[in-house]
There are 2 protein chains.
Amino acid sequence: MGIFSKTCEYAVRAVFFIAQQTADGSRVGIKEIAVNIDSPEHFLAKILQDLSKRGIIQSVKGPNGGFYLDAQNLSRPLSDVIEAVDGGGIFRDCGLGLKECSSKNPCPLHHDFLDVRNRLQNMLESITIGQFNEDLNLGIVVLKK
Amino acid sequence: MGIFSKTCEYAVRAVFFIAQQTADGSRVGIKEIAVNIDSPEHFLAKILQDLSKRGIIQSVKGPNGGFYLDAQNLSRPLSDVIEAVDGGGIFRDCGLGLKECSSKNPCPLHHDFLDVRNRLQNMLESITIGQFNEDLNLGIVVLKK
DNA sequence: ATAATAAAAGACATTTTTATCTTTTATTAT
DNA sequence: ATAATAAAAGATAAAAATGTCTTTTATTAT
């Protein structure tokens, strides 16, 4: 198990891919996305449907349709995707699973975990969905394998 | 989904509880552990069986039997428990699920994730299983609710 | 209007995780 | 030796996550 669910991993990879592919105003289809981020097509379709409903990505049906991101979408923080798919638990929940863990009633790891989670959250909030377009174009970073 | 699996959360809470309860050389039974860390008894039993096989905790059958930790066990890092239950993936695997993600072939988050994971690992390697015994005695930290 | 396209939606299937219950084995005290 | 105790082991079951396949709906180009 990674930090995120498999669903969330696919979501992030797909969003980055759509960002890069549609920066020119075009759209990209589910099949092409799935192939290029190495994910099961129909499973990814569900994920993107959900992201589309939430306004994190855009979609249009029919010929020349597909998924794309508008300028707004590109400027949103990556944490939006994580929150949409996995929920914000990773930023907030107790590392040991305690419901009422808090500074008043802490688990043994409360303090240390607070630090780690805050760093993760700050990181994901400061990264934008569109910020890797250039690096993806140059092949400096990758989304599959 | 938290950072760790539910299994791992139970394991860590249980290990901390056993540490505190058996510091005096006694043993503690599965029923008492389960009640005090708020976990399903038989499910926890499996987890502790496994930790026992791996030498992370000790167990003896029969009357006056139960689980306990020896001095060695108490001084081991908490990361041992995480590795035993969830595996070391959380310290090593790509945040976006790429098999071959590396500094040579990085995913977009590679660099940032490296930092977060290393911090998590350092934290869990520097915490020992026995180090919260005092705080648990004093009620400064808790293992249930 | 019609046919082609592509996402949306629905129905299942599989796998993994989490949980429960029963039987067996080892140990201890009597 | 025997009975009592407690973990180990085995067998299922339920729930959640992941994956696949089919049908429907919206849009576009002809």
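This one's a predicted model, so the numbers in the text were calculated from it and none came from an experiment. A, B, ... follow the sequence lines: proteins, then strands. Residue 1 opens every chain.
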For atom CZ of B:Phe43 and atom P of D:dA8, their distance in whole Å
16 Å
In this structure, how many angstroms lie between the P atom of C:dT25 and the CD atom of B:Gln49, rounded?
14 Å
Which is more 5' along DNA chain C, the nucleotide nearest B:Lys46 or the one nearest A:Ala45? Just name the residue.
A:Ala45
Name the closest nucleotide to the A:Pro63 side chain, picking from D:dC21, D:dT27, C:dA7.
D:dT27
Considering only distance and modelled atom types, tabulate donor-acceptor pairs under 3.5 Å from the side chains of residues 80-96 of chain A, sequence neighbours left out.
| unit_1 | atom_1 | unit_2 | atom_2 | d |
| --- | --- | --- | --- | --- |
| A:Asp80 | OD1 | A:Arg76 | NH2 | 3.4 |
| A:Asp80 | OD2 | A:Arg76 | NE | 2.7 |
| A:Asp80 | OD2 | A:Arg76 | NH2 | 2.9 |
| A:Asp86 | OD1 | A:Ser5 | OG | 2.6 |
| A:Asp86 | OD2 | A:Ser5 | N | 3.0 |

Dot-bracket encoding of pairs in DNA chain D, which uses [ ] for pseudoknotted crossings and | for another strand, Watson-Crick or G-U under 3.5 angstrom
||||||||||||||||||||||||||||||
Please state how far atom CG in A:Asp86 lies from atom P in D:dA16, giving the value in whole angstrom units.
16 Å
Does D:dA17 have OP1 or OP2 under 4.0 Å away from a side-chain N or O of B:Lys6?
no
What is the distance, rounded to the nearest whole Å, between atom OH of A:Tyr68 and atom C1' of D:dT27?
13 Å
Tell me whether the side-chain N/O atoms of B:Thr7 come closer than 4.0 Å to OP1 or OP2 in C:dT18.
yes
Quick one: are B:Phe132 and B:Ile140 in side-chain contact, heavy atoms under 4.5 Å?
no
Starting the side chain at C-beta, find the nucleotide from C:dA8, C:dT20, D:dA7 nearest to B:Ile30.
D:dA7
Flag side-chain contact, heavy atom, 4.5 Å: B:Gln21 against B:Glu32:
yes
Taking the side chain as every heavy atom from C-beta outward, state whether A:Arg119 and A:Asn122 have any pair of such atoms under 4.5 Å apart.
no
Rounded to whole Å, please give me the gap between NZ in B:Lys61 and C1' in D:dA7.
6 Å
Using OP1 and OP2 only, check whether a side-chain N or O of A:Ser59 sits under 4.0 Å from C:dA8.
yes
Looking only at the aromatic ring of each residue, does the gap between the centers of B:Phe17 and B:Tyr10 stay below 6.0 angstrom?
no
Measure from CG on A:Leu44 to P on D:dC21 and round the result to the nearest Å.
16 Å
Could you say whether B:Phe67 or A:Pro40 is positioned toward the 5' end of DNA chain D, judged by the nucleotide with the nearest heavy atom to each?
B:Phe67
Gap between atoms CG and C1', on A:Leu48 and C:dA9 respectively (whole Å)
14 Å
Taking only N and O in the side chain of B:Lys53, is any of them less than 4.0 Å away from OP1 or OP2 of D:dA9?
yes
A:Ser5 side-chain proximity, nearest of D:dT18, D:dA7, D:dG19
D:dT18
Result for side-chain contact (heavy atoms from CB on, under 4.5 Å) between B:Leu143 and one of B:Ile33, B:Val15, B:Leu136, B:Asn36 points to B:Leu136
Nucleotide nearest B:Tyr10 when distance is taken to its side chain, options C:dA8, C:dA19, D:dT20
C:dA19
B:Asn64 side-chain N/O to D:dA6 phosphate OP1/OP2 under 4.0 Å:
no
Between C:dT27 atom P and B:Gln58 atom CD, what is the distance in whole Å?
14 Å
Do A:Asn105 and A:Glu100 make a side-chain contact, defined as non-hydrogen atoms from C-beta onward lying under 4.5 Å apart?
yes
Salt bridge B:Arg54-B:Asp50, side-chain N to carboxylate O under 4.0 Å:
yes
